[in-house]
Amino acid sequence: MARRRNTSVFSYSIGLGTLIALGSYNRFHHNCYRDSIIFACVNSGTSFYGGFVIFSVLGFMAQKQGVEVKDVAKGGPGLAFVAYPEAVAQMPLAPLWSVLFFFMVFLLGLDSEFVGIEGFVTAIVDQFPKHLRRGYRKEMFIGFMCVVWFLVGLSMVTKGGMFVFQLFDTYSASGSALLWVSLFQSIAIGWIYGGPRFYDDMENMLGFRINPWIRWCWAFLTPVFCLGVFIFSLVTYTPLKYDGYEYPVWGQAIGWIMALSSIMCIPVVMIYKIATTPGSFEQRWTVLTTPV
């Protein structure tokens, strides 16, 4: 699924709907263009800075063990919860660095959960406003979904929980699934709704015209990039392995079912809408691609 090659997509929350959900609470004339630039710079800057921190610690461990950095630890949960704490424990003032490190990990997980829940809940509430915007129904719905996700998460802290986690982390709403969603989002903006129309809408919101290079990205660069990486990830796909264990066929089937549950939604809904809309194909296409 090319998970490692698509970490930037996941890091920026592209295709997850969270940025759209949070942005929906802004005022109409809010400068979202400025916010996007700040978000991209801070996100990339944090990753760049984190790379120095991580590799300096891994270099410290490699020197202590007399091996190369690549032999110290592999990426993934083992790096954050095994290799890094082991290195911190060997440093001066080890308890202080350990507390700060795991407090940082806790905050990262906490703010990710806030954003993830808000993105999902906002989409469902906007879809069914008459049912969920009455009284405390929205709060009750949030509580119900948190309980469901908590029960799912319990399966990942059992004795074999790391294998369940790897299955979800590789297939569920990550990697190729995000690339697929991002591909159709860019097509919808650049070609269905129309890049020039979206460009004019942003001018109405911001009060100025943004860099025209962005419009070319919507229409050409982003779709080509997403499609190319998506095809490459499928061509280079290898069965999931963790710690020398290769997942059985039924385990990989579960993973692909989770991935296809996101991937198939777009073509299935598109075919359903075209089939159920009255008129000729040209009339159906006109109706379905005309903004409300």
Distance col, row T222:OG1 vs I189:CD1, nearest 0.5 angstrom, shows 9.0 Å

Test item: F114 and L22 side chains (from C-beta on) under 4.5 Å apart, heavy atoms: no

If you look at every heavy atom in S262 and A177, which pair is closest and at what distance? CB-CB, 4.3 Å

Is there side-chain contact between L179 and F232, with at least one heavy-atom pair below 4.5 Å? no

Ring-ring centroid check F101 F103, cutoff 6.0 Å: no

Flag yes if L178 and V235 sit in one hydrophobic cluster, no otherwise; membership is Ile, Leu, Val, Met, Phe, Trp, Tyr, and two members link when side-chain heavy atoms are under 4.5 Å apart. yes

Looking only at non-hydrogen atoms, find the nearest pair between L167 and G251 and report the distance. CD1-O, 3.4 Å

Correct closest heavy-atom pair for L240 and T170 would be CD1-OG1, 3.5 Å

Write down the atom of G116, the atom of T18, and the distance for their closest heavy-atom approach. CA-CG2, 4.1 Å

Which atoms form the tightest heavy-atom contact between W180 and I263, and what is the distance? NE1-O, 2.9 Å

Is the CE atom of M140 crowded by more than 12 outside heavy atoms at less than 6.0 Å? no

Distance col, row I192:CD1 vs M270:CE, nearest 0.5 angstrom, shows 9.5 Å

Within this structure, what is the CG-SG distance for the pair L151 and C146, rounded to the nearest 0.5 Å? 11.0 Å

What residues, two or more places apart in sequence or in another chain, satisfy side chain to side chain donor-acceptor pair (under 3.5 Å) together with Q252? Y237

Shared hydrophobic cluster for F198 and M205 (ILVMFWY, side-chain gaps under 4.5 Å): no

If you take all heavy atoms of V121 and K138, which pair is closest and at what distance? CG1-CE, 4.1 Å

Determine which pairs satisfy ring-ring contact (aromatic ring centres under 6.0 Å, His included) with at least one residue from residues 20-48, sequence neighbours left out, and list them in order. Y12-F39, F48-F52

Flag the pair F184 / W191 as yes when their ring centroid distance falls below 6.0 Å, and as no otherwise. no

Taking side chain as C-beta onward, heavy atoms only, is P212 less than 4.5 Å from Y199? yes

Test side-chain hydrogen bond (donor to acceptor under 3.5 Å, both in side chains) applied to Y193 and T289, D201, T290, the passing residue: D201

Rounding to 0.5 Å, atoms CD1 (I20) and CD1 (I14) come to a distance of 11.0 Å

ring-ring contact (aromatic ring centres under 6.0 Å, His included) contacts touching residues 126-150 (sequence neighbours left out): F120-W149

With a 4.5 Å limit on heavy-atom distance, are the side chains of L221 and W216 in contact? no

Measure the spacing between OG of S24 and CG of L19 and express it to the nearest 0.5 Å. 11.0 Å

Look up atom CD1 in I142 and atom CD in E118, then write down how far apart they are to the nearest 0.5 Å. 6.5 Å

Got a sec: does the CZ of R27 have more than 12 other heavy atoms crowding it under 6.0 Å? no

If you count the non-hydrogen atoms of other residues, nucleotides and ligands that lie under 6.0 Å from CZ in F225, is the total more than 12? no

Kindly determine whether C32 and L206 satisfy side chain to side chain contact (heavy atoms under 4.5 Å, CB included), including the steps that lead there. CA-CA 8 Å; C32 58; L206 301 174; 4.2 Å; yes

